[in-house]
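Naming convention: chains lettered A, B, ... in sequence-line order (proteins, then strands); numbering from 1 in each chain. Just so you know, these numbers come straight off a predicted model, no measurement behind them.
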There are 2 protein chains.
Amino acid sequence: MSQSKRAELIRKSLLLFYRNGFHATGMDLVAKETGVSKTSIYKHFRTKEELILAVLRLRDENFRNWLYRRMEELADTPKGQLLSMFDALEEWFLEDNFQGCMFIKASAEFQDRDHAINAQAYAHKLLLADHLEELVLQAQLPDARNLARQLLILKEGAIVVAAMSHTAASAKEAKSIAGMLLAA
Amino acid sequence: MSQSKRAELIRKSLLLFYRNGFHATGMDLVAKETGVSKTSIYKHFRTKEELILAVLRLRDENFRNWLYRRMEELADTPKGQLLSMFDALEEWFLEDNFQGCMFIKASAEFQDRDHAINAQAYAHKLLLADHLEELVLQAQLPDARNLARQLLILKEGAIVVAAMSHTAASAKEAKSIAGMLLAA
DNA sequence: CTCTACATTAACTGATCTGTTAATATTTTA
DNA sequence: TAAAATATTAACAGATCAGTTAATGTAGAG
């Protein structure tokens, strides 16, 4: 399988898992929708779990790249970028195919903390927290670690509420809290 | 089936779904673990979905009752009760069997907004938001609706971070934000 | 005690699950 | 062009999925 076909398989699998859930999406459907035969899929991924892990790796890369870039585009100071994270989130919430955070959902479906999928989902959140902490440090705000964690709580809360309410209002509501936090 | 056996069935099913997830928990396992034959289960619940809905009704009742009572026990002013919600959450996070919010997980596994399970999960969050708004009003704080939604965002964010990180720290982190919100 | 109503067991649908096997293309390389 | 490596199809495991059927057991009421 060529590199590009493999990438396409992962990309299309991502959409299926994101839309339908992990357990609810069978490998027969993956084969049918990606156009790659099940035999070929299992030649490159030993198990469904390995395919899911590859999907999560792609999602992690895509999402963080997009978010970090968007934050930089929307503001040019570290503090401004932290605030504009919520503007970027709002754009995401307003997308037609917004279905919540794939990592929260992966963690919800694979709850065993020893499970590779659970661990990888959490790793994504740790990378986000690290990035936020770095920006907080650049903004020369006190208590960087704690502040970064608080911003992460706001982000996750806004995502969950947006996904469950099918509205984007939580982005602005979280942003105004973040404004208070960063002003202090 | 007696009323008590039916309640026991729902109670035990709740634990199974909470621990293993909805799709990942088969009805054969439910029958085995509850000690109620599959035939009997299907005499009282036409589908697995109806059983899940009954489980979510129980969870909604149990969880909100517990949370509201605990908030009242921990503080005697409306503002104090809003703050102590996060102390109650911390107690929950520290329980051995804490596995995140069942409604967030139900919403994640049944994403279709027209699905009864998704609607019921969201209804739980609306009831919580209403209760928070009422307390905010009693505390005579301005912008009650908006403030209640912000507190809900903090609550959901704290739960997600606690579940994914397997720690309870997010409770205090969220509480300190809530303290700022309510002081303003 | 007998009839009735309900509960239970266990086997059984037919579909779907993850993953495999064997034979048949198709492509890549020499 | 010939040989080697890879991809495909399609059928097949064996398990499990939600849900049903039919026969058996067991209770309470008359």
Side-chain angles (χ1 to χ4, degrees), chain A residues 1-57 105-106 108-112 114-118 120, chain B residues 1-57 105-106 108-112 114-118 120:
Chain A
M1 185 183 293
S2 68
Q3 203 65 21
S4 68
K5 282 217 72 165
R6 184 190 161 97
E8 189 73 358
L9 165 63
I10 298 175
R11 198 183 62 79
K12 286 182 177 166
S13 301
L14 190 155
L15 292 176
L16 287 172
F17 287 129
Y18 184 54
R19 279 205 262 268
N20 307 335
F22 297 97
H23 285 97
T25 304
M27 292 300 281
D28 288 290
L29 182 67
V30 171
K32 188 179 154 203
E33 292 293 316
T34 60
V36 179
S37 72
K38 213 157 53 140
T39 316
S40 292
I41 296 176
Y42 276 103
K43 193 146 283 174
H44 290 271
F45 300 96
R46 275 174 34 218
T47 61
K48 182 184 183 182
E49 177 183 325
E50 280 198 11
L51 174 60
I52 292 175
L53 288 171
V55 162
L56 291 182
R57 269 190 293 275
K105 297 196 287 188
E109 285 205 47
F110 303 92
Q111 303 182 59
D112 185 354
D114 298 331
H115 198 297
I117 292 176
N118 188 286
Q120 191 162 319
Chain B
M1 187 183 294
S2 68
Q3 203 66 21
S4 68
K5 283 218 73 167
R6 183 191 161 98
E8 189 73 358
L9 164 63
I10 297 174
R11 200 184 60 80
K12 287 182 177 167
S13 300
L14 190 156
L15 292 177
L16 286 172
F17 288 130
Y18 184 54
R19 278 206 263 269
N20 306 336
F22 298 96
H23 286 96
T25 303
M27 291 301 279
D28 290 290
L29 183 67
V30 171
K32 189 178 154 200
E33 293 292 317
T34 60
V36 179
S37 71
K38 212 158 51 140
T39 315
S40 293
I41 296 176
Y42 276 103
K43 192 145 285 176
H44 291 270
F45 300 96
R46 275 176 33 218
T47 60
K48 182 184 183 182
E49 177 183 326
E50 280 198 12
L51 175 60
I52 293 175
L53 288 171
V55 162
L56 291 181
R57 270 189 292 273
K105 296 197 287 188
E109 286 205 48
F110 303 92
Q111 302 182 59
D112 184 355
D114 298 330
H115 198 297
I117 292 176
N118 187 286
Q120 191 160 320

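Residue A:Leu16 contributes atom CG, which lies 12 Å from atom P of C:dT18 at whole-angstrom precision. Nucleotide D:dA18 holds its C1' atom 16 Å from the CZ atom of B:Phe45, rounded to whole Å. In this structure, the CD1 atom of A:Ile41 is 14 Å from the C1' atom of C:dC17, given to the nearest Å. Rounded to whole Å, atom P of C:dC17 lies 11 Å from atom CG of A:Asn20. Taking atom NZ of residue B:Lys43 and atom C1' of nucleotide D:dT21, one finds them 11 Å apart after rounding to whole Å. For B:Ile117 and D:dA18, the CD1 to P distance is 12 Å, given to the nearest whole Å. Whole-Å rounding puts the B:Ile52 CD1 to D:dA18 P distance at 9 Å. The interatomic distance linking B:Met27 (CE) with C:dT16 (P) rounds to 19 Å, in whole Å.
For D:dG19, the base has a donor-acceptor partner in the side chain of B:Lys38 [N/O atoms by modelled type, under 3.5 angstrom].
Residue-to-nucleotide proximity on DNA chain C shows that, of A:Arg46 and B:Gly35, the 5′-proximal contact is made by B:Gly35. Nearest-nucleotide mapping onto DNA chain D: of B:Thr39 and B:Tyr42, the residue sitting toward the 5' end is B:Tyr42.
Nearest heavy atom pair, residue B:Val55 against residue B:Ser13, reads CG2-CB, 3.9 Å. Considering every non-hydrogen atom in both B:Asn20 and A:Gln111, the closest pair reads C-NE2, 3.9 Å. Of all the heavy atoms in A:Leu29 and A:Leu16, the pair that sits closest is O-CD1, 4.1 Å.
You'll find that the side chain of B:Ser40 is closest to C:dT8, out of C:dT8, C:dG19, D:dG19.
Under a 3.5 Å cut-off, the side chain of A:Glu109 and the backbone N or O of B:Glu109 do not form any donor-acceptor pair.
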